[in-house]
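Down below is the structure, laid out as structure tokens.
A, B, ... follow the sequence lines: proteins, then strands. Residue 1 opens every chain.
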Amino acid sequence: MAQLLQHLINGLAAGTIYALVALGYTMVYGVLKLINFAHGDVMMVGVYMGYATAFAMGREARGSLLGIAAVFAVAMLGCALLGFLIERFAYRPLREKPRLTALITAIGISFALSYGFQLDIGFLPGASPRAFPEIIEPTEWLIIGDRDVVVWNWQVISFLIAVGLMVGLQYLVFGTRFGQAMRAVSWDHRVAALMGIPTDRVIALTFMLSSGLAAGAGLLYAIKDTSVSPLMGLYVGLKAFVAAVIGGIGHVPGAVIGALVLGLVEEFVVGYAASSWRDAVAFGFLILVLLVKPGGLFGRVAAEKV
Amino acid sequence: MASAPLLRADGVSIQFGGLKALTDFHLSIQQGDLQGLIGPNGAGKSTAFNVLTGVYQPTQGDVRVCDTKVNGRKPHQINLLGVARTFQNIRLFRALTALDNVKVACRAQTALHQFDTGLVAKLKNAGHNYADWWRALLLTPGFQREERRLTEQAEHLLSVMGLSHRRDEEARNLPYGEQRRLEIARALGTQPRVLLLDEPAAGMNTREKADLMVLIRKLRDDFKLGVLVIEHDMKLVMGICEQITVLDHGETIARGAPAQVRSDRKVIEAYLGDSYLESHGGAA
Amino acid sequence: EKKTQPTPSGEAGTQAAQGQPAGTGGTPANTETILLGQVGALTGGQATFGISTRNGIELALKEANAAGGVKGKKLAVKVYDNQSKPEEAAQATTRLITQDKVVLILGDVASSNSLAMAEKAQAAGVPMITPSSTNTTVTQKGDYIFRVCFIDPFQGFVMAKFARDELKLGKVAVLQDNKSAYSIDLSDVFTRKFKEMGGTVATTESYSQGDTDYRAQLTAIKKTQPDGIYVPGYYSEVGVIARQAREVGLKVPLMGGDGWDSEKLFELGGSAINGSYFSNHYSPDNPDARVQKFIADYKAAYGGVPDALAALGYDAARVAIEALQRAKDLSGPAVRDAIAQTKDFPGVAGTVTLDEKRNAVKSAVVLKVGDGKTQYVTTISP
Amino acid sequence: MQTPALPLPESRPLVPPALRGVLPVLLAVPALLLFQWALSGSEFASYLLSVMGVNIILAVSLNIVNGMTGQFSIGHAGFMAVGAYIAGYASLQLKEVALSFLPVAASDQVLFTVALLLGGLAAAACGFLVGLPSLRLRGDYLAIVTLGFGEIIRVVVQNTDAFGRALGLSGIPQYASPSMVFFWVFLVVLAARRLASSSHGRSLWSIREDEVAAEAMGVDTTGYKVRAFVFSSFFAGIAGGLFAHFVPIINPGSFTFVRSMEIVVMVVLGGLGSTTGAIIAAIFLTLLPEGMRSLFGALGTEGSLAQRVDQIRMPIYGLLLVVLMLSRPQGLFGTREIWDVLPKWLSRKRGSQA
Amino acid sequence: MSEAQVKTLGERQAFAPLLAVDGIKVHYGAIQALKGVSLTVGKGEMVALIGANGAGKTSTLRAVSGMLKASAGRIQFSGQDTTSLKAHQLVPRGMAHAPEGRGIFPNLSVLENLELGAYLRRDTAEIRADMEKNFALFPVLKERRGQMAGTLSGGEQQMLAIARALLSRPQLLLLDEPSLGLAPQVTETIFRTLRDVNKAGVSVLLVEQNAHLALNSAHYGYVLETGEVVMAGPGKALLESAEVRRAYLGE
Ligand SMILES: Nc1ncnc2c1ncn2[C@@H]1O[C@H](COP(=O)(O)OP(=O)(O)OP(=O)(O)O)[C@@H](O)[C@H]1O
Ligand SMILES: Nc1ncnc2c1ncn2[C@@H]1O[C@H](COP(=O)(O)OP(=O)(O)OP(=O)(O)O)[C@@H](O)[C@H]1O
Ligand SMILES: [Mg+2]
Ligand SMILES: [Mg+2]
């Protein structure tokens with residue numbers, strides 16, 4: 001029983017991180033219909049930015065609210081800028097071109113970032129993983145029995161942040177003018193411009209938001225799993241992408257719920273079945289979901305009137 | 001030759017959510033018919049086409065092609081039975097040449113006319129389909145002959161529609177009116193017995209419309225078709241159709257010869273408007 | 001007739017690259033330098049190991065060149081990346097052999113890649129030494145393939161023995177890296193030996209290289225209440241595993257193999273890794289002057305204590321250099337014969353004597369992790 | 001405006017119809033033998049050419065699904081893996097077998113071909129399975145299914161002892177000579193071209209252009225999509241089988257999702273739907289990393305930068321993809337083939353020179 | 001390439017200038033769609049643009065509204081040079097464009113589509129009033145408020161597009177074939193509405209196939225042929241000209 005509970009908590013914690021990354025995927029997909037394959041790598045860069053900040057600050061960064069805020073701020077703003085640049089130079093010129101071309105530049109950016117960060121030249125970090133500084137001192141938030149079930153402070157924090165962000169984003173998309181503009185751009189950016197919507201700015205902002213979010217997610221992830229590596233974006237990115245699809249890509253709460261479900265499925269496969277089959281089960285589950293609901297759990301396949 | 005009608009709808013209804021797009025719709029088309037389907041915007045005309053061609057499944061009622069019930073059939077199967085259509089918003093294969101657009105349609109006729117749902121039949125059909133690919137890959141003499149025949153057939157259709165000079169032009173680069181005509185050529189490529197035209201004159205100017213009227217009649221005669229036209233241009237509809245069905249809110253509110261329909265009170269109220277009567281009332 | 005390419009048999013005909021003006025192709029191998037080749041993972045999941053190895057080799061070459069080189073010539077090494085993929089390894093090896101015309105090749109860490117290289121090297125009759133591929137099959141590829149480290153079965157055995165005899169553990173759990181043949185091998189051998197010695201293995205869980213969340217596996221392991229956990233993976237994952245093991249409340253010792261050896265282990269594992277044991281090729285504690293000098297030089301050049309992969313890279317390169325010096329010329333067979341005769345070579349990671357299967361017969365050390373460094377515990381001989 | 005060429009009256013064809021089907025093959029075989037002879041003795045070129053050949057097969061076959069049919073598959077490496085492992089495993093099992101009525105070399109090649117076909121058929125069967133969901137799934141969702149399939153294959157291989165788990169399969173007899181690889185390259189290109197110019201190809205194009213309209217014109221869209229998947233994965237399987245027979249060891253790491261993406265890149269870079277484009281992109285992207293190696297080789301072997309050049313290749317490769325895509329967004333030839341495009345280029349060049 | 005000779009019929013009614021298009025050229029890749037089109041629209045004027053398929057009517061509207069970049073020529077709108085402005089910069093200056101193909105957002109509801117029409121406006125109360133006015137004009141839209149716009153019938157979509165354009169309270173309304181696919185009654189409604197809107201002071205630049213209807217309503221008209229203006233004149237005058245009758249009215 002205790003075990004079950006612990007698995008549940010672990011699964012939710014893992015799912016939370018997927019959720020935060022998946023939100024970024026979903027937002028960008030929402031406006032551009034672009035699977036931003038570089039998203040995971042942008043997240044990775046964000047984590048390194050946070051890492052560098054934490055190091056530059058030394059002991060200051062540990063545990064103090066100011067330190068944490070500084071680390072997050074630098075990483076998220078830095079990533080927002082990175083996202084802006086990527087969008088400006090790698091995606092925007094291809095806006096009127098076939099959709100797949102932007103996918104290729106996304107792959108190119110992904111390669112450049114993930115391989116670039118493996119270099120050990122100059123300020124680049126090198127291939128080997130690094131321990132992420134404990135900017136949030138891990139403490140037990142809840143202990144049941146003889147440490148049969150442990151809930152950590154950062155698990156609670158991440159979960160709350162994820163839920164908060166989800167609610168916030170949902171509000172942003174459906175409750176604000178910017179969200180209205182986003183949705184209009186997502187259907188047809190040419191016509192959106194005719195409504196007076198500055199489409200380029202909306203798209204750039206969406207990218208910045210999504211990239212900043214990725215950095216935040218990445219930091220929580222690094223705090224949770226205590227390490228950073230240049231390839232981290234690839235793995236998390238792929239899983240988060242799957243999560244977004246399970247939920248119905250483009251759908252904000254769907255991304256979160258899809259991610260939590262994925263986290264739980266993986267956790268239970270490992271905990272109660274064969275850990276070596278985890279990825280196969282995760283993808284099998286994905287395929288199953290899509291066969292039953294072709295648009296993901298919450299997504300709708302756009303109706304086409306003939 | 002009082003055989004079964006080529007295409008028949010029997011009490012067909014369809015709903016989208018709460019919206020009754022089509023209610024108890026009846027229709028019957030024989031060879032040589034030239035019928036019109038009119039009604040206000042949103043009356044369910046295109047929906048009727050979609051039900052007849054299998055794009056939508058009726059919630060009630062049957063659709064029959066030459067007495068074969070085709071409910072639950074996919075559009076391509078219904079097409080193979082001899083029902084072809086055009087679309088309200090032109091849906092050509094935009095990056096293909098005019099000739100290829102028509103050839104795609106011609107091709108479909110050489111596939112097997114297999115509709116049995118039994119496993120054996122399905123396997124046989126699948127086997128045939130894969131074998132057909134082999135013929136293409138091996139470029140068998142029979143296949144080459146067939147391709148030549150397709151080309152000739154398609155070229156013939158292009159010339160019938162006056163599009164020969166556009167043979168190798170990509171469909172998206174054709175002017176609008178020619179795109180409309182290409183769509184008809186393509187539909188003819190499937191060697192239909194019934195042709196459904198959804199607003200063929202939309203976006204054409206008055207002169208082009210006049211040409212189109214002549215053309216539709218000619219097609220009906222030359223290809224021995226039954227034709228059903230949706231059109232908002234009353235001059236066209238009243239000018240060529242022998243029988244007209246009027247839909248409003250999914251219901252059939254009138255049916256009959258043009259003169260009859262034109263003076264029908266309900267039709268005037270729902271569709272034509274009084275001013276139509278004023279301006280066109282006198283003109284036949 | 002003479003071909004410019006080495007003949008596949010490698011037996012006859014292949015005179016040394018020395019003196020033989022190489023065909024028309026304009027070969028980079030001039031008479032001033034002797035060119036060695038290295039293929040390793042410099043990018044991708046295993047990059048960090050390839051880079052350590054590269055550093056070790058580079059250091060050995062620098063030393064040798066400072067000491068006057070070999071046969072009056074300078075040594076140089078060409079390093080190619082295999083992106084941790086065997087087909088890339090094979091391609092790079094072929095390039096080294098046929099384009100760069102290297103006299104000898106130093107192999108990769110990951111056994112799959114070394115196997116791919118071995119196949120090509122053997123076929124071309126170019127000797128190859130793998131510094132750290134511990135999979136048994138690598139040297140079975142032929143008589144041109146050598147290694148300067150012990151093999152997986154031995155390492156698995158060492159830890160099983162240590163766990164039974166010294167730590168007196170009865171029930172252990174195993175957590176292996178399913179993407180790594182090395183990890184699976186060690187895990188298999190350990191499990192077998194440990195059972196033979198009367199212990200029980202409660203459960204075997206697995207993860208994939210690159211994962212960072214192992215809580216599910218560890219929670220499952222915790223259920224079985226083991227006395228210890230064998231984690232034959234790479235330090236890049238083990239450090240994090242240790243932390244999470246403590247987090248889920250597993251306090252028993254962790255054990256592992258040479259893949260653990262890196263300074264980064266302490267950084268990644270923090271205090272959680274303290275009290276764990278792993279088998280290794282060498283101990284930095286070793287007071288031997290040669291070892292200490294190597295460590296000092298390495299620190300000076302690259303910063304940080306060299307890990308086992310760097311040490312083995314260094315040893316492999318030195319074994320190669322020493323063999324080149326002894327070889328009567330630089331032809332493939334001559335160099336091979338010279339390498340095969342390596343005996344009691346004093347490497348930093350133990351004394352190297354190559355047996356008739358071209359494997360190094362070496363003893364292993366067991367190290368204990370504590371407070372940012374390792375302590376020598378014991379040596380176990382085959 | 002070019003005046004559209006009128007169809008020439010059917011004069012007596014140069015080649016009798018019965019011969020047209022096989023003629024290219026008859027011509028190709030001696031050419032390949034010549035090629036083989038020319039290559040003998042240059043190991044590296046042979047290896048590189050084999051890799052290139054496999055990439056061409058992969059790109060051209062993926063182009064059938066992604067380019068011609070307009071579906072979006074990103075799990076091609078999965079099919080390749082199926083072919084590689086099945087063919088490799090079969091060859092390992094057949095290693096000791098010799099067909100006594102044939103000379104040894106011929107017997108080996110026959111058995112090799114059998115193994116290859118087994119691999120191709122197994123991959124085709126998987127293609128059938130993956131193609132089925134295309135009944136319900138569109139666009140990106142279908143893409144995810146193919147991606148998931150590729151990953152599942154990898155996990156299955158990684159957990160199967162007979163396939164060598166993480167270490168992979170080694171010791172597979174190295175039967176695949178460059179000429180053999182290029183024989184298959186030739187076959188896949190021929191097949192793709194003939195498909196493209198046949199009515200089946202047109203049906204595939206029509207699905208890509210407008211599925212609803214294609215269906216209304218009597219094209220069995222689901223059937224065609226499934227067949228495109230089967231066809232394409234068969235050749236991916238063959239590519240995998242060939243790969244397994246010249247790469248000394250195959251392991252799961254060679255068939256990851258990144259590999260699939262690399263193939264997609266070739267197809268898009270070549271121009272979706274363009275077979276010649278896919279070929280040229282495959283050649284270019286295979287040679288690019290080696291070219292950089294040669295370029296950087298000029299730096300010599302001294303100094304720490306020279307030591308690191310091989311690491312710099314991959315980030316540069318990534319950036320180059322971006323630059324290439326930005327400079328030719330339609331891909332190399334758009335949806336056309338080289339012979340449609342080249343004459344125009346040339347004439348424009350000549351025009352600008354004049 | 002010389003500017004074509006424009007045949008001008010009759011006197012133009014005087015309006016204060018609002019839009020002046022001067023010799024614009026537009027290319028789609030290698031295809032030149034406009035070869036130097038010049039036209040003007042006055043404040044409160046309704047101008048019709050007719051021409052055969054592919055003549056360049058749509059391209060003209062797109063260039064004016066900033067959807068396309070003209071490769072040459074100048075566009076002036078309410079006294080400002082707007083040649084290089086983007087579409088979204090023209091909306092706040094009082095231009096609204098109901099594009100060819102309607103350009104509704106298929107997966108947004110009818111109401112959301114309409115709200116987007118008023119995207120730049122902040123006067124909530126006024127918007128609501130305008131919305132009601134539109135609903136009175138097109139009662140179907142009110143009925144279908146919550147429906148996904150993509151599932152509306154063709155005619156309903158056209159009404160939505162016009163209503164949406166009106167909601168930005170434009171000075172100049174660009175309409176591309178508003179009668180396309182509409183029932184005769186609705187076409188009349190729309191043209192009546194257009195005349196009302198125009199009377200209320202909104203200038204209209206109208207592209208139509210239905211030359212009869214368009215020229216009847218418009219103060220002034222231009223005839224476009226293969227990317228060039230070939231004829232211009234007051235609507236009624238054009239309608240009476242033999243060339244127009246022959247080419248566009250099929251008489
Ligand atoms: N897929 C669908 N989902 C929901 N509603 C639909 C769908 N297709 C059609 N409708 C509704 O059904 C009604 C009939 O539409 P239909 O397209 O048949 O009209 P129509 O008679 O062709 O009109 P028009 O002349 O304007 O083209 C419309 O109100 C439309 O909104
Ligand atoms: N996106 C495009 N790409 C290439 N050519 C185009 C494009 N849009 C229009 N054209 C071409 O530009 C020319 C003018 O087209 P435009 O759409 O402006 O004509 P139009 O007068 O609006 O015709 P219609 O009555 O058919 O709407 C035509 O030759 C057309 O083929
Ligand atoms: Mg309709
Ligand atoms: Mg137009």
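B:Leu19 touches chain E through its side chain: at least one heavy atom from C-beta onward sits under 4.5 Å away, while N, CA, C and O do not. The contact between E:Glu177 and chain B is made entirely by side chain atoms (from C-beta outward), counting heavy-atom distances below 4.5 Å. Residue B:Ala201 does not touch chain E at all, counting heavy-atom pairs closer than 4.5 Å.
The NE2 atom of E:His212 lies 8.5 Å from the OG1 atom of B:Thr206; values are rounded to the nearest 0.5 Å. To the nearest 0.5 Å, atoms CG (E:Asn210) and NZ (B:Lys209) are separated by 6.0 Å.
In the displayed structure, B:Lys74 atom NZ is contacted under 6.0 Å by more than 12 heavy atoms of other residues, nucleotides or ligands. Residue E:His27 places its NE2 atom among more than 12 non-hydrogen atoms of other residues, nucleotides or ligands, all under 6.0 Å distant. Within 6.0 Å of atom CD in B:Glu170, more than 12 heavy atoms from other residues, nucleotides or ligands are found, so the atom counts as buried in its surroundings.
By number of non-hydrogen pairs under 4.5 angstrom with chain B, the leading residue of E:Val140, E:Leu182, E:Thr187 is E:Leu182.
Contacts from residues 174-182 of chain B to chain E, taken as heavy-atom pairs separated by less than 4.5 Å, involve B:Pro175, B:Tyr176, B:Gly177 in sequence order.
Side-chain contact between E:Val186 and B:His232: absent, with no pair of heavy atoms (C-beta onward) separated by less than 4.5 Å.
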For side chain to side chain contact (heavy atoms under 4.5 Å, CB included), just list the numbers for B:Glu208 and E:Asn53, CA-CA rounded to whole Å, side-chain angles, deciding distance to a tenth of an Å, and then say yes or no. CA-CA 10 Å; B:Glu208 289 165 331; E:Asn53 292 126; 3.1 Å; yes
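Within the 3.5 Å criterion, the main-chain N or O of E:Ala183 finds a donor-acceptor partner in the side chain of B:Asn41.
Contact record, E:Arg246 with B:Arg207: O-CD, 3.3 Å, taken as the closest heavy-atom pair. Residues E:Arg102 and B:Asn89 approach most closely at NH1-OD1, 4.3 Å, considering heavy atoms.
With sequence neighbours excluded, the residues that form a side-chain contact (heavy atoms from CB on, under 4.5 Å) with B:Pro40 are B:Ala43, B:Asp248, B:Tyr271.
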